[in-house]
Protein chains: 2
Amino acid sequence: MTINNTDDRNDEPSELELSRFLPYRLSVVSNLVSRAFARRYETAFGLSIPEWRVMAVLGRYAPASSADICQRTAMDKAKVSRAVTRLVAAGYVTRKDNPIDQRQNVLGLTRDGRRIYRQIVPLAFATEREVLEGLNAEEVAQLDQLLTKLHARAATLAPGEGGDAPD
Amino acid sequence: MTINNTDDRNDEPSELELSRFLPYRLSVVSNLVSRAFARRYETAFGLSIPEWRVMAVLGRYAPASSADICQRTAMDKAKVSRAVTRLVAAGYVTRKDNPIDQRQNVLGLTRDGRRIYRQIVPLAFATEREVLEGLNAEEVAQLDQLLTKLHARAATLAPGEGGDAPD
DNA sequence: TGCAAATAGTTTCGTTTGAAACGATACTGG
DNA sequence: CCAGTATCGTTTCAAACGAAACTATTTGCA
């Protein structure tokens, strides 16, 4: 028979426990995973995550334009441009003008780039397996479905298009 | 009866499809969600995510030291220091020395800070609900468990302690 | 007590970031 | 054909980042 409390008709907590707040936990987990990946690719190949993503797309889909890379990596064009510049300097990527539309790039892998790509793939899967270790097949399938749903939902809530990199 | 292919005994793809790669998708989803949150808190209160996290912890656990904030927000001490400085300047947070140990801070909320905190809480839960819309109760529970397991796993793979912010 | 090591928090340093401005090229309607 | 607009990719800018250096204080131990 309490008299006080203006919002009794509300099942919502009036305090915020960060450690139980799903968006916060999602961010923390994602950043831990990204950090583990970043460290591996930095030590193994000297590649950052943006560079790694560009290599992953070119290994599969080359030739491709910078805009293609943007779509497939969820990175904005400035980030892609910078990553490509570094990869060209490293000798892994070729960049030339598209003769049919000179605004566009045509990106591809050099011989060295293809060699690196072939090493990148197994390390990626191995690291993925390490992260997912402790999850059974059903849980991995659940994670897959949840990420699909959350992606669709979050894409409508967030302004722009892509999905990478605030912080 | 093919003759070629050195790694036939391997069920692992030799190509990497980024859009099916769980760590990549986790990062994209997390960043979309973070961006949606960031935009809301920026427009509603002029708070960044680091500042928002500090407010969330202080609203619940004040008084607290900077190190306490570090633990509860998974942010490193430099980030916390900068966020607190901005919040003090904004008039939401008090920062004084701990008389028993002058190395430590004692942080708390001002009257304005408490007022903001009371507005922050419902917006946080409303946004969480928006993100989780489309998931039923069982799926939310699955997400909770999966994040717990992934967190434990990723924490052992990543070097340092915390879990925030490489991008 | 006194001195080395540890701890708390701030500041500095070089890098990376997203947004916006930009130059160059291509498309469009008149 | 030609102005106006849209698109592609790079560059610029200010802000934010992590790591490391740093100051101040406390603790451990001889």
Side-chain angles (χ1 to χ4, degrees), chain A residues 27 31-32 34-36 38-39 42 46-54 63-71 73-89 93-107 158-167, chain B residues 27-28 31-32 34-36 38-39 41-42 46-54 63-71 73-89 93-107 158-167:
Chain A
S27 169
N31 289 327
L32 280 171
S34 289
R35 194 187 303 181
R39 198 164 52 88
E42 166 59 35
L47 295 180
S48 68
I49 285 186
E51 291 154 16
W52 176 86
R53 287 186 181 178
V54 171
S65 70
S66 285
D68 295 337
I69 307 284
C70 288
Q71 291 170 355
T73 60
M75 303 193 296
D76 70 274
K77 57 186 183 175
K79 211 169 186 173
V80 169
S81 175
R82 291 187 273 244
V84 167
T85 297
R86 288 189 293 259
L87 290 169
V88 169
V93 167
T94 58
R95 172 164 53 182
K96 48 185 183 178
D97 281 358
N98 183 344
I100 337 181
D101 184 341
Q102 309 217 68
R103 295 169 303 181
Q104 291 185 353
N105 270 338
V106 179
L107 305 173
E161 298 254 323
D164 200 51
D167 145 38
Chain B
S27 169
V28 170
N31 288 326
L32 279 171
S34 288
R35 193 186 302 179
R39 199 163 52 89
Y41 280 99
E42 167 60 35
L47 294 180
S48 69
I49 285 186
E51 290 154 16
W52 176 87
R53 287 185 182 179
V54 171
S65 69
S66 285
D68 295 336
I69 307 284
C70 289
Q71 289 170 357
T73 60
M75 303 192 295
D76 71 273
K77 58 187 183 174
K79 210 169 188 174
V80 169
S81 175
R82 291 186 272 243
V84 167
T85 297
R86 288 190 292 258
L87 290 169
V88 169
V93 166
T94 59
R95 172 164 52 181
K96 48 185 184 177
D97 281 358
N98 182 345
I100 330 181
D101 184 342
Q102 310 216 65
R103 295 169 304 182
Q104 292 185 352
N105 271 339
V106 179
L107 305 173
E161 296 254 322
D164 201 50
D167 155 50

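Residue numbers begin at 1 in each chain, while the letters A, B, ... track the order of the sequences. All values reported here derive from a predicted model rather than from experimental measurement.
Atom CZ of R95(B) is separated from atom C1' of dA8(C) by 12 Å (rounded to the nearest Å). Atom P of nucleotide dT25(D) and atom CG of D97(B) are separated by 8 Å, given to the nearest angstrom. In this structure, CD1 of I100(B) is placed 15 Å from P of dA8(C), rounded to the nearest angstrom. Here dA8(C) presents its P atom at 8 Å from NZ of K77(B), a figure rounded to the nearest Å. Distance, N105(B) CG to dA8(C) C1': 8 Å, rounded to whole Å. Between the CD atom of Q71(B) and the C1' atom of dA8(C) there is a distance of 12 Å, rounded to whole Å. Following rounding to the nearest Å, Q104(B) (CD) and dA6(C) (C1') show an atom-to-atom distance of 13 Å. Taking atom CZ of R86(A) as the reference point, atom P of dT10(D) lies 12 Å away to the nearest angstrom.
Within the model, atoms CD1 of I49(A) and NZ of K79(A) stand 8.5 Å from one another, a figure rounded to the nearest 0.5 Å.
Contact of R82(B) with dG18(D) (side chain to base): a donor-acceptor pair of N or O atoms is detected under 3.5 Å.
A side-chain donor from one of S27(B) and R53(A) sits under 3.5 Å from a side-chain acceptor of the other. Between N31(B) and S34(B), the side chains place no donor N or O within less than 3.5 Å of an acceptor N or O (distance only, hydrogens not considered).
No side-chain donor-acceptor contact under 3.5 Å links S81(B) to the backbone of K77(B).
Of the candidates dG18(D), dG18(C), dT10(D), dG18(D) carries the atom nearest the K79(B) side chain, counting heavy atoms from C-beta on. Side chain of A67(A), nearest nucleotide from dG9(C), dA24(D), dG9(D): dG9(D).
The residue S65(B) sits close only to the backbone: its heavy atoms come under 4.0 Å of sugar-phosphate atoms, none of a base.
Comparing A78(A) and N98(A), the nucleotide of DNA chain C nearest to each residue sits closer to the 5' end for A78(A).
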